[in-house]
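What follows is a short report on a single structure.
Letters A, B, ... mirror the listed sequences (proteins, then strands); counts begin at 1.
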Number of protein chains: 2
Amino acid sequence: MLTRIMDREWAPGETVPHEEDLARSYGCARATVNRALRELADAGLVERRRKAGTRVVQRETRGATFQIPLVRVEIEKTGRAYGYRLLRRSTVLSDSDLVGRFDTSEGNPILHLQCLHLADGEPYQLENRWIDLKTVPDAADEDFEIIGPNEWLLSAIPFTHAEHVFSAAMPNGDEREHLQLDSTDAVFIIERRTWLSGNPVTYVRLSHIGSSFRLHSQDTDLG
Amino acid sequence: MLTRIMDREWAPGETVPHEEDLARSYGCARATVNRALRELADAGLVERRRKAGTRVVQRETRGATFQIPLVRVEIEKTGRAYGYRLLRRSTVLSDSDLVGRFDTSEGNPILHLQCLHLADGEPYQLENRWIDLKTVPDAADEDFEIIGPNEWLLSAIPFTHAEHVFSAAMPNGDEREHLQLDSTDAVFIIERRTWLSGNPVTYVRLSHIGSSFRLHSQDTDLG
DNA sequence: GAGTGGTCTAGACCACGTT
DNA sequence: ACGTGGTCTAGACCACTCC
């Protein structure tokens with residue numbers, strides 16, 4: 001069926017035969033056809049609606065799935081020594097600015113951390129993190145001097161929902177200072193917000209040196 | 001089962017009961033358990049291996065799935081008028097430089113296009129595209145004066161495999177000129193390579209104005 | 001109301017990897 | 001060799017949605 005779609009025998013926009021017909025023509029059970037079509041639907045190649053049937057999608061976008069690795073793993077993978085420094089740690093009450101970027105309520109206690117991740121002693125990533133202590137009270141007892149908040153959160157707190165934003169910008173003062181940038185380099189920024197069943201967990205802004213950071217993805221249509 | 005994983009009742013690294021046991025304890029058929037576990041495996045929450053059983057994954061990375069929209073759609077969605085200009089069009093033979101970025105063979109005929117996409121008359125995206133004419137001979141007959149190569153390729157050529165790279169950089173000469181940038185702004189670069197069953201189709205570099213471009217993703221652990 | 005996909009069952013056999 | 005997941009079958013009922 002994938003071949004038929006790729007060869008345009010089943011063209012975009014057209015509906016394909018019913019499950020029962022396909023099962024008969026392929027000489028298999030309807031459950032098998034159902035599973036195959038469900039996989040095609042999961043891959044975004046077809047759209048299925050009850051009563052309306054199954055139709056081949058006219059793809060307008062391409063999905064790209066990125067794995068955002070632990071910074072420590074990422075650095076060690078290239079054979080360099082990982083370094084970590086906690087720059088700032090403070091507890092604040094969320095103000096309107098933080099409420100905007102974060103999903104927290106105003107007046108919530110928030111733990112703010114600023115950390116620097118190094119590769120062979122060179123600055124690699126500047127991390128600015130805010131943790132909602134109402135959702136994650138345990139974070140207040142961690143000093144984060146040795147273990148970074150990213151790794152701590154991953155092992156301590158699951159999440160149910162995540163949102164990422166990628167962008168490029170000129171470095172701000174903090175970034176220029178800690179990443180040791182001059183004005184001839186850009187920064188690649190990853191922002192991430194996560195929730196645990198509707199409750200805000202954390203907002204983090206990860207800044208990377210533009211000239212030495214690239215994010216890769218590989219996607220296959222069914223594989 | 002998702003709840004049990006989230007609540008750490010089934011902790012990361014542990015193996016979960018066999019399908020048959022689960023089917024009995026949940027009072028359903030093994031096929032139902034199998035499908036549920038397969039969905040958890042697709043979502044990356046568990047790992048399954050024959051004979052070894054099913055174990056909860058210790059997640060080290062978080063996946064983020066981005067939909068990279070058609071630039072025309074993206075602009076029109078914000079209520080602005082889409083504009084398109086073809087800047088350059090030439091046919092070249094692939095040299096070693098192109099072979100490196102692209103997956104083509106040296107000496108293949110390549111169509112090179114440079115296009116500008118505008119929003120309300122303002123530069124929005126600079127597109128540098130190379131198309132392998134051996135895989136896509138039809139592209140040689142298109143002038144791409146009216147319709148951009150992205151839309152043409154989407155409707156004309158399917159693909160089986162894609163690779164994306166995101167990065168941030170300072171604008172180069174072309175980008176500074178065509179995107180009308182001064183030296184106080186960065187560019188957000190999307191590079192994409194696609195293949196059709198092993199054959200290289202296209203390599204494209206999309207440059208965006210850093211201060212006004214953000215790429216969003218939203219991911220849920222099972223929806 | 002009727003037709004489509006969504007889901008489940010109880011059973012079977014197979015493929016693969018560990019032992 | 002054996003135990004696990006992978007896949008399939010034939011049949012059934014249900015839920016949604018279009019007409």
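In this view, A/His18 satisfies the ring-ring contact (aromatic ring centres under 6.0 Å, His included) rule with no residue, not counting sequence neighbours. Residues passing the ring-ring contact (aromatic ring centres under 6.0 Å, His included) test with A/Trp10, sequence neighbours excluded: none. Listed by chain and residue number, nothing satisfies the salt bridge (charged side-chain N to carboxylate O under 4.0 Å, His left out) test with B/Arg85 (two or more places apart in sequence, or in another chain). By the ring-ring contact (aromatic ring centres under 6.0 Å, His included) test, A/Trp130 pairs with A/His112, A/Tyr203, sequence neighbours left out. A search for side chain to side chain donor-acceptor pair (under 3.5 Å) contacts involving A/Arg48 returns A/Glu19, A/Thr54, not counting sequence neighbours. Under the ring-ring contact (aromatic ring centres under 6.0 Å, His included) criterion, B/His117 pairs with B/Tyr82, B/Tyr84, sequence neighbours left out.
Where DNA chain C meets chain A (any atom under 4.0 Å from a heavy atom), the bounding nucleotides read 5' to 3' are C/dG3 to C/dT7.
Nearest-nucleotide positions on DNA chain C place B/Val33 closer to the 5' end than the other of B/Arg30 and B/Val33.
As rounded to whole Å, 12 Å separates atom P of D/dG3 from atom CD of B/Glu20.
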Between the protein and nucleotides 16-19 of chain D, are there any N/O to N/O pairs under 3.5 Å, and if so, what are the atom names and distances?
unit_1, atom_1, unit_2, atom_2, d
D/dC18, OP1, A/Arg49, NE, 3.3

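Under the salt bridge (Lys or Arg N to Asp or Glu O under 4.0 Å) criterion, the residue pairs touching residues 123-136 of chain A are A/Glu127-A/Arg129, with sequence neighbours excluded.
Below 30°, between 30° and 60°, or above 60°: for A/Phe188 and A/Phe213 the angle between ring planes is between 30° and 60°, a tilted geometry.
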